[in-house]
Protein chains: 4
Amino acid sequence: MPKVGMEPIRRKALIDATIAEIGEAGSLDVTVTQIAKRAGMSSGLAHHYFGSKEQIFLAAMRHILRSYGDHVRGELAKVSQPKDRLETIIAASFHPLNFTDEAISAWLNFYVYARTTPDAKRLLEVYGRRLHSNLMSNLIQLLSRRRAEHVAQGLAAMIDGFYIRHALQENAPIRSEVIAITQEYLRQNLAHPKQ
Amino acid sequence: MPKVGMEPIRRKALIDATIAEIGEAGSLDVTVTQIAKRAGMSSGLAHHYFGSKEQIFLAAMRHILRSYGDHVRGELAKVSQPKDRLETIIAASFHPLNFTDEAISAWLNFYVYARTTPDAKRLLEVYGRRLHSNLMSNLIQLLSRRRAEHVAQGLAAMIDGFYIRHALQENAPIRSEVIAITQEYLRQNLAHPKQ
Amino acid sequence: MPKVGMEPIRRKALIDATIAEIGEAGSLDVTVTQIAKRAGMSSGLAHHYFGSKEQIFLAAMRHILRSYGDHVRGELAKVSQPKDRLETIIAASFHPLNFTDEAISAWLNFYVYARTTPDAKRLLEVYGRRLHSNLMSNLIQLLSRRRAEHVAQGLAAMIDGFYIRHALQENAPIRSEVIAITQEYLRQNLAHPKQ
Amino acid sequence: MPKVGMEPIRRKALIDATIAEIGEAGSLDVTVTQIAKRAGMSSGLAHHYFGSKEQIFLAAMRHILRSYGDHVRGELAKVSQPKDRLETIIAASFHPLNFTDEAISAWLNFYVYARTTPDAKRLLEVYGRRLHSNLMSNLIQLLSRRRAEHVAQGLAAMIDGFYIRHALQENAPIRSEVIAITQEYLRQNLAHPKQ
DNA sequence: AATGAATGAGCCTTCATTCAT
DNA sequence: AATGAATGAAGGCTCATTCAT
């Protein structure tokens, strides 16, 4: 039952299925056949579109990162004050859109996947650098370079830390608490810039 | 030529080899044969001692957690003031003993492994609870319950966050910076308990 | 935009592409998609014209055999003496037109292909019989039947032998040597018919 | 049902099965599973011993070449006159031991296999060089260098030619004829060295 | 105690072929 | 006439696990 112009639809379906399947399994040990079946097609077609399992994973990872990036960018467009922008980044990072169990689980696995796969590592680095520069460009207006650097690193660690804990620690705080704790960390630093 | 009393030696060798293999590979995709070879024995013997690959992994995970736990406990025995004890926990978490590339890599993989494997999840929860109670029992003496809870969660997230970033982010801060940032976070909260 | 009267052009393109692909790959392990792409069309169209991969191969094989046969026939039309005709057959067999690396490589693979595929076997037998009868009809005029038979077999073996060696042995003699050696074999037999 | 010291037995069984399977199929399109089954073991074990299908093929090719080489060497040890030695080489090449349908078929396929596989090409070149030097070292004592070279090439081509024809041409001469024709070619050249 | 022989299930990937458009 | 979407079977290879020795 071949149809024309199916490529983007198929690719999208495969990416969604990949994230769902990984999220559900809790690991990258999902088969192409599983993914393809969930996406409503044969494994052969999945390979036809992506070439290999690795490419499917990378596309899914790219999708998650792009979604997150788009969301942050969209939110940042609404505010201009450095402090507001920093709070926006934090809020966006934990926004329900990016903070679904499924996405976090897949995300975490891709995060670790980067240890093995150079292309995944590259994607992760882009994400890391972008978050860092987003934080720094605002912090630098409020703090000394050294303090800004520290707070940027601290915030990034806290964000990643809450992600991993949310996915894996039973007693991790809920989303609202997570946001509160992270925002507090930020405000404290802005309130006492000399400390 | 089989020898008697080899069991503990063999088990230790296998655990060390497992951590080393996982650390090197950057993932759990290591074969029992690889592990056994590195430990200087046949794969059959590895199964003889542990029963299954999963048990080998769990033993290695337990080993890492116990090492960390023992180290923290040892350090805590030397100090009694809540503030000192909190700083000790942070310092121990990033102590070179626990912060080797290899151990971090293996640790991270076990962390994710817990999503799939109930026994691993249980081990991780023990670690989580112990860290939390260690932090709380000291924080509660210095802060309100609610603030203590927040700071405990924030510290735990930061610790885990720095671990994962250290393993995976090219531009993660070095150990000394990591400690400085985390200790700052703690001190700030202790200095302004009402905030 | 489909065009009319394309069939012969498409078929020719596919046959040429098949020979080129096989020659390049050095084996029959070429995909229909590769062949079709080289011929400037989709794999679907290749099937449309030939029905199956086997038919494509057979058509290519037929093409090589027909080219060779046409060439020999054309050259034979120019000479009438048995000895000249025999030399003509040898010369034609190693003529640059039939002795390109690509054609030899494809030819060899088809030769072996005949072991598996009845239709290919039939084609090969036609070639074999034709070469044999071409040689015999001339040799019989110069030698006894038994000797003629021997020389015909010897020449055929030498021709095939040089083909396969040319394709596969690094130190095989060059074309001019090949011709010289084969012609020598012929002349020796004609010079000493009783031997 | 594992037993000790099985390796050489298994390897031998696999090599024999490979030659038989290829001979029967008439092509290299045989599966590892087929080969393993014929050799009385699982496909996994075949991989355990050889690592890959390619290695299995190469081992089988090596086996055929070594058998042939050993046989020739054994026969050559019995005669010392150049002419006798040359006739011995021819006779050995067509000896029933090396001239079974099965071995010829496998041999031919490996011959073509060499176009694709560098290691197979190397093996083939060794065979080619050895045959050439065997022929040359004797011919050079009876003929001029140039003539010796020609006859060596002619003989090699005829031998290969008869092999391929025997495998693939219905009307190829029988073994005794093949030997007669090749020996005649040799004697003719030795009888009229100036020609 | 220790080995490594042996199995078999499972996965990724390829590809000829079909078919809606 | 032409495309390329789609399938599904098949194959090479890996690996945890078992077991005879």
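Nothing here was measured: the structure is a model prediction, and the numbers come from that model. Numbers restart at 1 for each chain; the letters A, B, ... are given by sequence-line order, proteins then strands.
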Peer 1: Rounded to the nearest 0.5 Å, what separation is found between the NE2 atom of C:H47 and the OG atom of C:S42?
Peer 2: 10.5 Å

Peer 1: Does NZ belonging to C:K121 count more than 12 external heavy atoms closer than 6.0 Å?
Peer 2: yes

Peer 1: Tell me if the centroids of the rings in C:Y127 and C:W107 come within less than 6.0 Å of each other.
Peer 2: yes

Peer 1: Whole-Å distance between F:dC15 P and B:I56 CD1?
Peer 2: 14 Å

Peer 1: Which nucleotide in the set F:dG11, E:dC12, E:dT3 lies at the smallest distance from any side-chain heavy atom of A:K53?
Peer 2: E:dC12

Peer 1: From CE of A:M6 over to C1' of F:dT3, roughly how many Å is that when rounded to an integer?
Peer 2: 16 Å

Peer 1: So does A:H48 get a side-chain nitrogen or oxygen closer than 4.0 Å to the phosphate oxygens (OP1/OP2) of F:dA6?
Peer 2: no

Peer 1: Under the side chain to side chain contact (heavy atoms under 4.5 Å, CB included) criterion, do D:L124 and D:M61 qualify, and how do the steps go?
Peer 2: CA-CA 9 Å; D:L124 190 58; D:M61 192 173 170; 4.2 Å; yes

Peer 1: Rounded to the nearest 0.5 Å, how far does CZ of C:R62 lie from CD of C:Q55?
Peer 2: 6.5 Å

Peer 1: Does D:S42 reach a base, just sugar-phosphate, or nothing at all? Heavy atoms under 4.0 Å.
Peer 2: base

Peer 1: Measure the distance from CD on B:Q55 to P on F:dT18 and round it to the nearest whole Å.
Peer 2: 13 Å

Peer 1: Less than 4.0 Å between a side-chain N and a carboxylate O, is that true for A:E24 and A:R38?
Peer 2: yes

Peer 1: On DNA chain F, nearest-nucleotide positions of B:Q34 versus A:L45: which is more 5'?
Peer 2: A:L45

Peer 1: Which whole-number value in Å describes the distance from B:D29 CG to E:dC12 C1'?
Peer 2: 14 Å

Peer 1: Quick one: CG on B:L58 to NE2 on B:H63, what's the gap to the nearest 0.5 Å?
Peer 2: 14.5 Å

Peer 1: At less than 4.0 Å, is any side-chain N or O atom of D:Y49 found next to OP1 or OP2 of E:dG4? Yes or no.
Peer 2: no

Peer 1: Starting from the 5' end of DNA chain F, give me the residue, B:S52 or D:T31, whose nearest nucleotide shows up first.
Peer 2: D:T31

Peer 1: To the nearest angstrom, how far is B:M41 atom CE from F:dT17 atom C1'?
Peer 2: 17 Å

Peer 1: Could you identify which residues of residues 18-26 of chain C place a heavy atom less than 4.0 Å from some atom of DNA chain F, listed by residue number, or say none?
Peer 2: none

Peer 1: B:V32 side chain: which of F:dA16, F:dA5, E:dA5 is closest?
Peer 2: F:dA16

Peer 1: Measure from CZ on A:F50 to C1' on E:dC12 and round the result to the nearest Å.
Peer 2: 16 Å

Peer 1: Kindly compute the distance separating OG (C:S105) from CG (C:L168), expressed to the nearest 0.5 Å.
Peer 2: 8.0 Å

Peer 1: Between F:dA10 atom P and D:I35 atom CD1, what is the distance in whole Å?
Peer 2: 18 Å

Peer 1: What base-paired stems does DNA chain E take part in, with at least 3 consecutive Watson-Crick or G-U wobble pairs and both distances under 3.5 Å?
Peer 2: E:2-21 with F:2-21

Peer 1: I'd like to know if C:K12 pairs up with C:D16 as an ion pair, taking the criterion as any Lys NZ or Arg NE/NH1/NH2 lying under 4.0 Å from an Asp or Glu carboxylate oxygen.
Peer 2: yes

Peer 1: For C:E54 and E:dC15, what is the distance between atoms CD and P respectively, to the nearest whole Å?
Peer 2: 18 Å

Peer 1: Return no unless some side-chain N or O of A:H47 is found under 4.0 Å from OP1 or OP2 of E:dT13.
Peer 2: yes

Peer 1: Out of curiosity, A:I104 CD1 to B:R115 CZ, how far, rounded to the nearest 0.5 Å?
Peer 2: 9.5 Å

